[in-house]
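Notes for the one structure printed next.
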Amino acid sequence: MPKLRFSGQTGLTRRAALGGAFVLLATPGLAQASASAVSYMRKVAKDMLSAHRQGTAASFKRAILRHADVAGIADYSLGQYRAKLPAGQKQAYYAGTATFMARYFADQSREYVVAKYEIGEASADGKDVNVQTKVFLMNGQSYTVVWRLTPRGGGFKVADAKVMGFSLIYLQRGIFTSFLSKRNGDVGQLVAALNR
């Protein structure tokens with residue numbers, strides 16, 4: 001939630017702020033969900049930074065399997081080819097997708113060395129919650145990551161991350177569907193490639 005500052009502001013702004021506070025009080029579930037999402041995001045960020053410092057695909061895969069909605073991300077990444085995924089290959093495909101994401105993060109960790117992060121505000125996005133974070137690199141640069149958390153099993157899972165406005169699952173979907181379009185939509189070939 002935005003920080004409320006009253007000094008030097010007009011009465012109209014105060015009324016708007018009080019109205020916003022009333023909305024939060026009238027919908028305590030929204031405030032509670034936001035607080036829970038921020039608390040969960042702290043765990044995600046801690047595990048991702050730990051994986052980043054190790055810099056291995058294996059360390060990122062552990063964090064991804066713990067926190068990501070791997071099945072949801074993997075299904076989305078197939079795009080128009082989703083119906084072509086045989087039931088017998090689903091688990092192998094999901095495992096391969098987690099490996100693909102872990103390798104991507106491990107590669108990026110070598111190029112963009114993170115010094116620290118800050119967890120920002122949470123906002124509702126339909127049934128999901130977006131949590132803003134700021135990442136500070138060792139070279140002095142910083143950028144914003146917006147994590148989309150989706151409710152799963154009484155808690156949350158990470159459904160997407162937007163880095164400087166670019167959705168990682170959207171980019172991944174482009175990679176997967178491009179691969180499949182060159183292979184007549186043969187999802188089996190994608191599964192094999194992801195698990196090499």
Side-chain angles (χ1 to χ4, degrees), residues 35-78 85 89-122 128-179 187 189-196:
S36 296
V38 168
S39 177
Y40 178 69
M41 195 60 234
R42 286 191 182 102
K43 294 175 191 172
V44 174
K46 181 180 176 188
D47 286 352
M48 290 297 284
L49 184 60
S50 175
H52 175 81
R53 288 185 173 150
Q54 293 174 56
T56 65
S59 62
F60 277 108
K61 189 168 182 178
R62 283 190 297 273
I64 286 165
L65 291 175
R66 186 177 305 126
H67 297 297
D69 178 16
V70 174
I73 292 168
D75 288 344
Y76 174 84
S77 297
L78 284 176
L85 176 63
Q89 290 191 321
K90 268 189 177 182
Q91 293 311 311
Y93 170 62
Y94 293 161
T97 299
T99 299
F100 179 86
M101 292 189 295
R103 288 175 179 159
Y104 171 81
F105 281 115
D107 287 345
Q108 294 300 304
S109 72
R110 288 184 275 281
E111 192 170 343
Y112 302 100
V113 182
V114 175
K116 64 177 184 171
Y117 60 85
E118 289 177 358
I119 306 295
E121 301 170 347
D128 296 339
V129 179
N130 290 328
V131 180
Q132 292 217 11
T133 61
K134 192 161 188 182
V135 176
F136 299 87
L137 302 179
M138 293 295 280
N139 66 10
Q141 294 179 325
S142 64
Y143 59 90
T144 299
V145 180
V146 179
W147 300 84
R148 183 164 55 89
L149 306 182
T150 195
R152 287 287 183 272
F156 292 100
K157 290 287 185 182
V158 176
D160 191 14
K162 286 186 179 176
V163 181
M164 295 181 287
F166 294 98
S167 161
L168 294 185
I169 65 167
Y170 183 78
L171 294 174
Q172 180 172 289
R173 180 177 181 156
I175 293 167
F176 284 18
T177 57
S178 175
F179 179 95
V187 177
Q189 289 190 50
L190 176 62
V191 174
L194 292 172
N195 284 290
R196 281 193 191 116

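We count residues from 1, following the sequence as given.
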Minimum heavy-atom distance A45-I119, with the two atoms named: CB-CD1, 3.9 Å
Whether over 12 other heavy atoms sit under 6.0 Å from Y112 OH: no
Pairs involving residues 53-68, ordered by first then second residue, that meet salt bridge (charged side-chain N to carboxylate O under 4.0 Å, His left out) (sequence neighbours left out): D47-R66
side-chain hydrogen bond (donor to acceptor under 3.5 Å, both in side chains) against D69, all qualifying residues, sequence neighbours excluded: R152
Under the side-chain hydrogen bond (donor to acceptor under 3.5 Å, both in side chains) test, residues paired with Q172 that sit two or more places apart: S77
Sequence neighbours excluded - side chain to side chain donor-acceptor pair (under 3.5 Å) pairs with any residue from residues 155-164: D160-S167
Spatial distance of atom CD1 (I169) from atom CD1 (I73) [nearest 0.5 Å]: 6.0 Å
ring-ring contact (aromatic ring centres under 6.0 Å, His included) partners of residues 158-179, not counting sequence neighbours, each pair once: F100-F176
For K90, side chain to side chain contact (heavy atoms under 4.5 Å, CB included) partners two or more places apart: L85, Y94
pair M41-W147: side-chain heavy atoms closer than 4.5 Å: yes
Identified side chain to side chain contact (heavy atoms under 4.5 Å, CB included) counterpart of L190 within the set I175, T177, L78, T97: L78
Test log, rule side chain to side chain contact (heavy atoms under 4.5 Å, CB included), inputs H67 and F156: CA-CA 8 Å; H67 297 297; F156 292 100; over 6 Å; no
For the student: nearest non-hydrogen atoms of L149 and A37, plus distance: CD1-O, 3.6 Å
Where A98 and I64 come nearest, the two heavy atoms and their spacing: O-CD1, 4.1 Å
Stepwise side chain to side chain contact (heavy atoms under 4.5 Å, CB included) test for Q132 and T144: CA-CA 7 Å; Q132 292 217 11; T144 299; 3.8 Å; yes
Side chain to side chain contact (heavy atoms under 4.5 Å, CB included) partner of S50, the single match among K46, Q54, H52: Q54
Residues in side-chain hydrogen bond (donor to acceptor under 3.5 Å, both in side chains) contact with N130, at least two apart in sequence or another chain: D125
T133 side-chain N/O to V145 backbone N/O, donor-acceptor pair under 3.5 Å: yes
Minimal non-hydrogen separation, A51 against S59, with atom names: O-OG, 3.2 Å
Test side chain to side chain contact (heavy atoms under 4.5 Å, CB included) applied to M164 - qualifying residues, sequence neighbours left out: Y143
Spacing of M48 atom CE and F60 atom CZ [to the nearest 0.5 Å]: 5.5 Å
Distance (rounded to the nearest 0.5 Å) between T99 OG1 and N195 CG: 6.0 Å
Considering all heavy atoms, the nearest G55-A106 contact: O-CB, 3.9 Å
Partner residues of Y104 under the side chain to side chain contact (heavy atoms under 4.5 Å, CB included) criterion, sequence neighbours left out: Q108, L168
Test side chain to side chain contact (heavy atoms under 4.5 Å, CB included) applied to E111 - qualifying residues, sequence neighbours left out: none
Any donor-acceptor pair under 3.5 Å from S142 side chain to F136 backbone: no
Residues forming a side-chain hydrogen bond (donor to acceptor under 3.5 Å, both in side chains) with R110, sequence neighbours excluded: D107
Those residues that, when tested against Y117, pass ring pair (Phe, Tyr, Trp, His ring centres under 6.0 Å) (two or more places apart): none
